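The block underneath contains the structure these notes are about, expressed in structure tokens.
Start at 1 and go down the list; that is how both ligands and their atoms are numbered. It should be emphasised that the depicted structure is a prediction, and the values quoted were computed from it without experimental measurement.
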Amino acid sequence: MASEISCDICRDLLPLVQDGVASEDSRAAVEAHLRSCPACRALAGDAAPPPPDGQELLRRIRRQLRGALIIVLLAGILFGLELTEGVDMFYNSLLMPALGAVGYLVYRWKALWRIPLLLLVLCGVVALLKLLRGLAVIDAASLLIWTGIYCLFALVGVLIAGLLHFALKKEG
Ligand SMILES: [Zn+2]
């Protein structure tokens, strides 16, 4: 364990460390100080590479997780819309609230309008795909009505996820 040193000591030792003539303890102490002190780090220039920033790493992980969740969301909505008018369509009463919860994870309260919007847009895409596949007899009105009902289910999911998050935040 290197003991903590002040900025002055760090700056005194820095040239020795950079010339490679400092003791192992001094080098460790200076490196530890540079990790926690942006001012001395700036002074050290690129002689000491900046340590990996935990915050930046966390942000990157969050971005990747968000991307994965959006893919899950889109795939789930498309899958659910495909079920419409099939025998399995009532699974959507479970799927849509779950997707609403995923939507809350990604968009927080903005999910309240983004999820219905996504559903409507994807509803249009699914209707178009069905047309292109030659399933010309699609009942656009009923697809729209069901999409509206899915929106309500999804919004319930958003609300539940949001309220749970709120409750957990209050406890934590
Ligand atoms: Zn310092």
Report task. Starting from the C-alpha separation in whole Å, work towards a yes-or-no answer on side chain to side chain contact (heavy atoms under 4.5 Å, CB included) for Leu144 and Leu120. Result -> CA-CA 8 Å; Leu144 199 66; Leu120 275 175; 4.0 Å; yes
**Report entry** Intermediate values then yes/no, side chain to side chain contact (heavy atoms under 4.5 Å, CB included), Leu14 and Leu34
**Finding:** CA-CA 10 Å; Leu14 196 55; Leu34 290 180; 4.3 Å; yes
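Judged purely by atom type and a 3.5 angstrom limit, Asn92 uses its side chain to pair as donor or acceptor with the backbone of Gly80. Remark: side-chain polar atoms of Arg27 are not paired, donor with acceptor, to backbone N or O of Val17 under 3.5 angstrom.
Within the protein, the N, O or S atoms sitting under 2.8 Å from the Zn ion (ligand 1) are Cys7 SG, His33 NE2, Cys37 SG, Cys40 SG.
Scored by the ring pair (Phe, Tyr, Trp, His ring centres under 6.0 Å) test, Tyr104 finds Trp109, His165 as partners (sequence neighbours excluded).
To the nearest 0.5 Å, atoms OG (Ser26) and NE2 (His33) are separated by 13.5 Å.
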